[in-house]
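Reviewing the structure listed below.
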Amino acid sequence: MAAVLERSFIEICGFERETLQRFREVAVDLGVSSLPGGLKFPDTAGAFHYEDSGKLLSVTSNRFIHWSTSGDTVQLVEQSLDTNLLNNTVKLRFVHCTVLPGGVTVQETLNNVIILISTNQSVHRLVLPHPNRMYRSELVTELHMQSIFTDVGKLSLQDPSHSAIIPTSAGQTGSPSTSAAWLSYQGEAHYALASPTGGIMVVTLPPHDTLGGVSVVELKRSSMIQKLSGWMPTAIRGEQSPADLALSLAVRELEEDSFIFALCQDHRLRMWSLREQACLLEADVMEFMPACRGVKRLSGQGHRLRLAFSSTTGLCLAVYLAVPQKGQFTVLQLATSDNNRYSLEHISTLFTTQETLVDFHLTSTDIWALWVDDSNTTVVKYINFEHNTAGQWNQVFVQPPPEEEVHVGMDQDPRETYLDVLFSPVRFTALAIVKALQIFHRGGEKISDLSWELLKREVTVAVETELQSSVTEFEFSQEEYRQLQMEFWSKFYGCCLQYQESLSTPLGLTVSSLTGLVCLLKKGLVSFLLPCFAVDHLYLSCDEYLLSEEETPITEDLDLGRDVLQLVQCLRLVSDAVSGEMAYEMEKALEHLQSPERAAELALESMLSNDSDNVIENIQNKLQDVRNPVGAMMVLLRELDLETDPEVPEGALVPGRSLNLRISLSQLLGSSSAVSVVCQAVSHMTMTRALFCRDLLILQKLYLRFGDNVFLGGGAQLLQLQQDLIPRSAHLLASYHLLKHISQSLTSSVPMDTIDANLQHLTALDLSDSPAAASRSVLSPQTVLELFYQTSARRIIVSQFFSQQHSSSLLVWSHMISTVVTLLAQLLWPSNPGFQFPECLMANCQYTQLQEYVRLVGPWCQVNIGSCRFMLGQCYLANGEGQKALQCFQEAATEVEKEEFLMRLTGSEEEEAAAIPRLQYYNKVLRLLEDVGLPELVIQLASLALTEAVSDVSSQAALWTRIFKHHLDLGHNSEAYEALTQNPDSSMQLDCLRQLVVVLCERSQLQDLVQFPYVNLHDEVVSIIESRARGLDLLAHNYYELLYAFHINRHNYRKAGTVMFELAMRLGREVRTRVGLQKQVNCFLAALNCLRLIRPEYAWIVQPATGATYERPGASPKRNSDGEFSSEPVKRQVEILELKDLEKEYFLSRSRLTLAQHHPPSAAIAGSVSAEEMVSLLVQSGLFDSALSLCQTFSLSLNLVFEGLAFKCIRLQFGGEESQNEAWSWLADNQLSSVVNTKESSATDEAWRLLALYLDRFPAANGEHHRCVIHKLLSHGIPLPDWLVKSYKAMDAASLLRLYLNFDLLEAAAELVLEYIDALLGRGHQYFGIERPLSATGSSAWLPYTSIDQLLQALAESQTSSSIYIKVRDKLGEYHRLVDQTTRRRLLAL
């Protein structure tokens, strides 16, 4: 509901929390000397408001300049409520001069702001740039702007264009007593100075941009008025009567003339024309004061004069006449006749009983006045001088000074309690605390520019040090120490009170005629007057006002209004009766979440038991005068309740408006001053209303106790009071206590890592667009309310405020500030549906304050319950209490479809709208928990979410996938497998299965991986492992071994063997190292073992043929040489491998390994060579045993082996020492029957012996091995060893003969023929393998005649072998004769 305003105002101090005020000092020295017996003037203050300060689109909106004077110093401050101004303060010191009362005037022109200053010896003019000219662009978007005082230090203030010395005449004593200054239309600067002997001097400076000298005019009462370029001698000038001494001056330009109004000591008001240099009007103001007899004899030292001009009323004058025991304001209007004669028309006379007037201000309708009473208390009032009720002044509730004593409960620590009060945002300025601290430091050191926290620490150290230094005893009780603490903290608190009182001394009052902004200008601060809400006005008004008022704006019913006023008088009595102890107990009860009703009952019991002044009786008497107490209470409760309608638009900053307007709105009331004022206004309102609700609740309890004695309505009203009004009052009390806590709680500094983590959390929740601390305040520290207002609330408030208002309308201060305060309080109100404040705390990492907020609203607030639980969960999460956070998130889930914040949380645009909003909520929280890194909580919450997703298969699949993932991350392999099997989505299930395989392999947890049952997933697992095995590096991953173990575990030996065979084949192709060959051997062994475990008829495997491709799942399609996709499907050629085939492959791989072990470089080429090639490699390396075994396994000819060995023997035969030593290594690798290692036995001998051994061990049916060896030897020209010839003669003498002939060894061949013929004839036949020689009874014998013929032919042709030829021929003839003889005998025997 819209708050109802009263006519009264309330003072709000925008306390600065900077320890030092940064004034730049500028000294102006014109070379004058101090006047003897210099007159001291009181400190004064004033202000200037820009002409466009009420226009929203202006750069000077809500912007003003205020100043204060003290002795020779003028302090100037430019202040804005919209933006923070930089370099906005300056202190001007005029050496040996004193600033006159009224001596500062500020006026603006189109291009400049001009400041005119009058001192007792000089006049000065400062020409500064106008803000409109400082910012060329129409769009001013900065949060900070430069002040017009930025470059004031660059001005040469001693120059004649800026300053002038007031000339004095001989014999003149004293100095001007008051002054006024103004700019003429021509740009001249005029200074009207009240001469000490009467009359007025006008000093004029030419326009600042033109040359010229200073001119002086003296205005006198006599008809003889001279315009002087200097001062005239006294004889010519004539003497003035002291009665003409001007006490107050005011100037107004009208019709190109300047009219100077002077209120003189003789109680006369005179109006001078500067153009005519004549007094145009003189009036005795005593004529307007009734019963003025005797007053005329008194000098009017306290008289004051003010002017106000408006287009409707013209020029009005207000004259304050100060007489003992009373004062009077007279408002006069300047009237003119046709013949240019002027007169004063009386409008109003207003009386006041106050004595010491500090300042007053006249507007077109009102008089605002500032007094200080006898107790040095500030009093501010205002009145409409035309329309007022019996001269009744309207109240202004000034800021009360801090309490003189601090109540410290028995359960409280004195130090903490005093620090809380001292550093509360609404009690003391930082400057007052600093000055008190310097006293405690005994002036030894100057306090540097400390932060708020450091200042707090310094205060603590100073007081504790003072306490320690006063202690003389080493031991004392806790109670004695507490008393010492109370004493010293009270002493420091008293110092702060004194300095705060000094800084709060009022110096002036300013009222903007454009916006209605009213400010009190004090010695150390500026305070703002805000319109008072009607309900606050009733509670704050003094008794005489309550008694005099007969109606209140909160109700139109006069009778009900009188009841409300009567009821409020009772509340005032209750408030007076509540002691400090009772107030503290109620405050503590609210803080500890105890029942407000119970606390009120206890307070009432205390009041009744301590009622020594008959307060209860007085209350009872007054209550009997209230005719309708329930109606009056309902009116008050309605006015106190800030609950809004559910449909309150938030919106952006007025969409559809111009860019200029949106930017101006984005800055409106955005400066640190405005932030402080608005938030302290809310704080003051909540404190007042919390007391109001407290007293109302006590009064309602008292009503129940009185019963029918005061209730005219009887039981029905009592029942309504008990069941409706009291609970509502208790609820309001708790609400306002919460708002008071918010307005006084300070923010916490946040480390950068916390900000980063919080941003990550908000991003996970899709809340990163939430208001964040983008524009931090210069207030240090901030309250959480200031943080909220600055970062998010102001945008919402301004949007609502200007959604209906036209942009060209003026910014009326009272309407604007009251609306802003009300809307801000409504945004904080816990019973309203908006949840922006907790959101702001979360976005700005204020977790402690957010937890406290949730704690305070928890027991009684039924709005946003789920959202509060969610926020509390966020706090727990940030503090590392994950389990508590999860509990809160679960509790919040029940409210997802009911609360705006949770609906916004679940309604992300990125996600598809799920059928169940709660599932969306769970998904958001799950994502948050995942980002924080709490997998256990993710599993718990996902398991809970599954109960909501009974009918949503896709959500179930996603949740099971999450559960699987986090179980797997935690190493819960069995649980991860269980979650995988529960997943209803086959695609996601397959993804999870793939991830399970990969992760467990990487962790080497193969036992778990193999032993899982994989029901209905067996083929998928095999496919996944096969795909991984075929696609990854063999040495880096062990997927083949995993697949082998997987099949072995399921007794599928053939597939296990196939896996090992495939691995072995790939190792041979891809891993050509000794390690790879070793693994290949092991793989073939494993494959053999697998097949041997199967029945023989099933002991086979299928091997893809060379060149076949593996069709892996997900493999990219293959292209041909032209880059086109192959249209023909891949044809798989397969062959069946049996056990014997695997044994061959195994033996070949062993041979490769053996070769690599003895000759490592050969490993690179041995991996995939064939058996034939392998034999050659083995022979080259001297591994003849292995080569022979390989030949036998693959049924290969042994010739290659024997030839190789024969060649090595040849090399040894002719090699040196080095070859001999090398031979021993490969000889040792072959299994000789016995190793002979004597001095007579050489490596060559051993090699020949090995050759003989192999020829003996591996005989050939036709002596093929001997033949190839002999051929090798003969081809190298090596004589044949006897043993070899002997051995081969017994096998195949004819072949030996042919070899001799082939290599042209005729003598050896002839010798062999001769021996062979002798053997046939019976001489040595055993050496040729002939069992029986030639005889009639023996078997047939034969000779290789072809070879013999070839021999004979060769011998016959030889010139040197004729004897051999003859021998062979004769031996052959002998043989033929014997053959003939034997043949005949055999024929005869037949």
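- Between L517 and F528, the closest side-chain pair of non-hydrogen atoms falls below 4.5 Å.
- With hydrogens and angles disregarded, no donor-acceptor distance shorter than 3.5 Å links the side chain of Q468 to the backbone of E466.
- Salt-bridge annotation for E487 and R482: absent, with no side-chain N of the basic residue lying under 4.0 Å from a carboxylate O of the acidic one.
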Give every donor-acceptor pair under 3.5 Å between a side-chain atom in residues 404-412 and any protein atom, sequence neighbours left out.
{"unit_1": "H407", "atom_1": "NE2", "unit_2": "E581", "atom_2": "OE1", "d": "3.3"}
{"unit_1": "D411", "atom_1": "OD1", "unit_2": "Y584", "atom_2": "OH", "d": "2.6"}
{"unit_1": "Q412", "atom_1": "OE1", "unit_2": "G409", "atom_2": "N", "d": "2.7"}

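- Here the CG-CG distance, from D82 to N62, works out to 4.5 Å after rounding to the nearest 0.5 Å.
- Although no hydrogens or angles enter the test, the distance criterion places no donor-acceptor pair under 3.5 Å between the side chain of R24 and the main chain of K91.
- Looking only at side-chain heavy atoms (C-beta outward), Y493 and F428 come within less than 4.5 Å of each other.
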Please determine whether salt bridge (charged side-chain N to carboxylate O under 4.0 Å, His left out) holds for the pair K523 and E501, giving the CA-CA distance in whole Å, both sets of side-chain angles, and the decisive distance to 0.1 Å.
CA-CA 10 Å; K523 190 173 183 179; E501 182 179 358; over 6 Å; no
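- Between W829 and F837, the ring center distance fails the sub-6.0 Å criterion.
- Here the side chains of L828 and F788 are in contact, with some heavy-atom distance below 4.5 Å.
- You'll find the side chain of L437 reaches within 4.5 Å of the side chain of L455, heavy atoms only.
- To the nearest 0.5 Å, the span separating CH2 on W860 from NE2 on H731 amounts to 5.0 Å.
- Remark: E416 pairs with D413 by the side-chain contact (heavy atoms from CB on, under 4.5 Å) rule, at least two apart or across chains.
- Listed by chain and number, the residues in a side chain to side chain donor-acceptor pair (under 3.5 Å) with S68 amount to none (sequence neighbours excluded).
- Taking the side chain as every heavy atom from C-beta outward, L827 and Y789 never approach each other to under 4.5 Å.
- For H66, the ring-ring contact (aromatic ring centres under 6.0 Å, His included) partners two or more places apart in sequence, or in a different chain, are F64.
- Remark: E786 does not engage R794 in a salt bridge, criterion side-chain N to carboxylate O under 4.0 Å.
- A side chain to side chain contact (heavy atoms under 4.5 Å, CB included) with Y876 is found for one member of M871, Q851, Q883 and no other, namely Q851.
- Not a single donor-acceptor pair under 3.5 Å links the side chain of S502 to the backbone N or O of Q498.
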E591 and R855: CA distance, side-chain angles, deciding distance, salt bridge (charged side-chain N to carboxylate O under 4.0 Å, His left out) verdict:
CA-CA 10 Å; E591 195 68 26; R855 183 186 75 84; 3.6 Å; yes
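- Here the straight-line distance linking atom CG of L841 with atom OH of Y853 works out to 8.5 Å at 0.5 Å rounding.
- With sequence neighbours excluded, the residues satisfying side-chain contact (heavy atoms from CB on, under 4.5 Å) with D43 are S70, L507.
- Using a 4.0 Å cut-off between charged side-chain N and carboxylate O, R598 and E601 make a salt bridge.
- Here the straight-line distance linking atom CG of L872 with atom OH of Y847 works out to 13.0 Å at 0.5 Å rounding.
- Considering only heavy atoms from C-beta on, T378 stays 4.5 Å or farther from W371 through its side chain.
- Relative ring orientation between Y418 and W489 is described as parallel, the plane-to-plane angle staying below 30° on a 0-90° scale split at 30° and 60°.
- Side-chain contact between V380 and L520 is present, with heavy atoms from C-beta onward closer than 4.5 Å.
- Applying the salt bridge (charged side-chain N to carboxylate O under 4.0 Å, His left out) rule to pairs touching residues 736-746 yields E587-K740, sequence neighbours excluded.
- Between the side chains of S748 and Q849, at least one donor N or O sits under 3.5 Å from an acceptor N or O.
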